[in-house]
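Bear in mind that the values here come from a model prediction, so they are computed numbers and not experimental data. Start at 1 and go down the list; that is how both ligands and their atoms are numbered.
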Amino acid sequence: MPTTERPLAGRTAVVTGSTSGIGLAIAGAMAAGGANVLLNGFGDAAAITELAAGLAAEHGVRVEYSPADMTRPDAIAAMVPFAEAKLGPVDILVNNAGIQHVAPIEAFPIDRWDAIIAINLSAVFHATRAALPGMKARKWGRIVNIASAHGLVASPFKSAYVAAKHGVVGFTKATALEGADHGITANAICPGYVRTPLVDKQIDDQAKVHGIARDSVIRDVILEPQAVKRFATVEEIAGLAAYLCGPLGQSFSGAALSIDKGWTAR
Ligand code: NAD
């Protein structure tokens, strides 16, 4: 039974891309709230097994792992029944898996465009499509899509990511409208910069594109658009995701929630 301390007790949450960074913190926040969690993402098999066991022991919940590749619609569709067989009905879906590639449009590798659209946008559709029927039948569901400040504004050299994340914000609104009569909410979280492996790689890529040092990339490129020049923590993003799934979050639906230190206030 849900309690004030464990508002997600008895729920099952699927968190895509949760072997690292923001997704891992969201999996932790869901488990801390009392939800059983399906982890997903790439990584070393032994490390993932340890991660799952650690989360389960720390929070007294069940944690399983699906290796579903977010570029494969069939694997994404199968992830939901897999979660249901292992953990129970999927009440919470967090579409978090994402990749980035930084290059000018005319030099943007076509395979990177296709991969970013597949993982960052189409996977959100495929997972939502698979989870919605059960949520509708049970008249309760929480869908949280991790978009980005780049779901609301653009930066140069990130055309595929910006296109995908704007798509996620739009798709979230459509999901919210379709879920409204069925006890289902859908919201997008739009973080500014959070220091994760995804951003560390970008620092290297931007250094190459701009021909400047890593320190300059962090100060003059990465944090430049934010009013407050600091990275957010993964826990801050995870806290918002868990809040949206708890009782105090139930009136949010169709929102694109900025957590970007003033970036999109300009
Ligand atoms: P990360 O690189 O630390 O984690 C990405 C996760 O996605 C990993 O678990 C990885 O294994 C998984 N993944 C990648 N490709 C996959 C695939 N084909 N199938 C299944 N899983 C796959 O990145 P992060 O920074 O934690 O990013 C998480 C999400 O947050 C992404 O959607 C990203 O766009 C978004 N975001 C990040 C930031 C930031 O500053 N870090 C800002 C805004 C939005």
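- If you take OG1 on T196 and CD on Q100, they are separated by 10.5 Å, rounding to the nearest 0.5 Å.
- Atoms of ligand 1 lying under 4.0 Å from at least one heavy atom of A68, given by number and element, are 19 (N), 20 (C).
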Would you check, one step at a time, whether the test side chain to side chain contact (heavy atoms under 4.5 Å, CB included) holds for I189 with I237? CA-CA 8 Å; I189 295 179; I237 313 303; 4.1 Å; yes
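- Taking a cut-off of under 4.0 Å to the non-hydrogen atoms of Y193, the atoms of ligand 1 that pass are 40 (O).
- In terms of protein heavy-atom proximity, atom 23 (O) of ligand 1 is closest to L198 CB, 3.3 Å.
- The side chain to side chain donor-acceptor pair (under 3.5 Å) analysis of residues 139-148, with sequence neighbours excluded, yields the pairs N95-N145, N145-T172.
- When each atom of ligand 1 is checked for a heavy atom of G21 under 4.0 Å away, the hits are 3 (O), 26 (O).
- Classification of K201 and D205 as a salt-bridged pair holds, one side-chain N sitting under 4.0 Å from a carboxylate O.
- Using modelled atom types, one side-chain atom of R266 and one backbone atom of P225 make a donor-acceptor pair closer than 3.5 Å.
- Closest heavy-atom contact between A147 and P191: O-CD, 3.8 Å.
- By the criterion of a heavy-atom distance under 4.0 Å, the side chain of Y161, and not its backbone, is placed next to ligand 1.
- Between G23 and V15 the shortest heavy-atom distance is O-CG1, 3.7 Å.
- When the heavy-atom distances from atom 44 (C) of ligand 1 to A97, G98, A147, S18 are ranked, the shortest goes to A147.
- Counting protein heavy atoms only, atom 41 (N) of ligand 1 is closest to V194 O, 3.0 Å.
- When I22, V15, N96 are ranked by how near their heavy atoms come to atom 37 (C) of ligand 1, first place goes to I22.
- The residue A123 has no part lying near ligand 1, judged by heavy-atom distances below 4.0 Å.
- Of the protein's heavy atoms, S20 OG, 3.6 Å lies nearest to atom 1 (P) of ligand 1.
- Taking D181 as the reference, nothing meets the salt bridge (charged side-chain N to carboxylate O under 4.0 Å, His left out) condition, with sequence neighbours excluded.
- In summary, the atoms of ligand 1 found under 4.0 Å from a heavy atom of N40, numbered by their order in the structure, are 20 (C), 21 (N).
- Atoms of ligand 1 lying under 4.0 Å from any heavy atom of G41, numbered from 1 in the order shown and given with element: 11 (O), 21 (N).
- A side-chain donor-acceptor contact under 3.5 Å links K229 to the backbone of E224.
- For the residue pair D260/T264, the side-chain donor-acceptor check at 3.5 Å is satisfied.
- For atom 14 (C) of ligand 1, the closest non-hydrogen atom on the protein side is I99 CG2, 3.9 Å.
- Atom 12 (C) of ligand 1 has G17 CA, 3.6 Å as its closest protein atom, hydrogens excluded (heavy atom only).
- Residue contacts with ligand 1, taken as heavy atom pairs separated by less than 4.0 Å, involve V199 solely via side-chain atoms from C-beta onward.
- One finds the OH atom of Y161 at 9.0 Å from the CD1 atom of I116 (value rounded to the nearest 0.5 Å).
- Residue M70 has at least one nitrogen or oxygen atom sitting less than 3.5 Å from a nitrogen or oxygen atom of ligand 1, judged on distance alone.
- Among all protein heavy atoms, the one lying closest to atom 25 (O) of ligand 1 is T196 OG1, 2.4 Å.
- The closest approach between any non-hydrogen atom of N120 and ligand 1 is not below 4.0 Å.
- Remark: minimum distance from atom 9 (O) of ligand 1 to any protein heavy atom is reached at T19 OG1, 2.7 Å.
- For W263 against S155, the heavy-atom pair with the smallest separation is CZ2-OG, 4.0 Å.
- If you look at K165 next to ligand 1, the close heavy atoms, those under 4.0 Å, all belong to the side chain.
- Closest approach of H59 and A32 over heavy atoms only: ND1-CA, 3.4 Å.
- Scanning the protein heavy atoms around atom 42 (C) of ligand 1, the nearest turns out to be G192 O, 3.0 Å.
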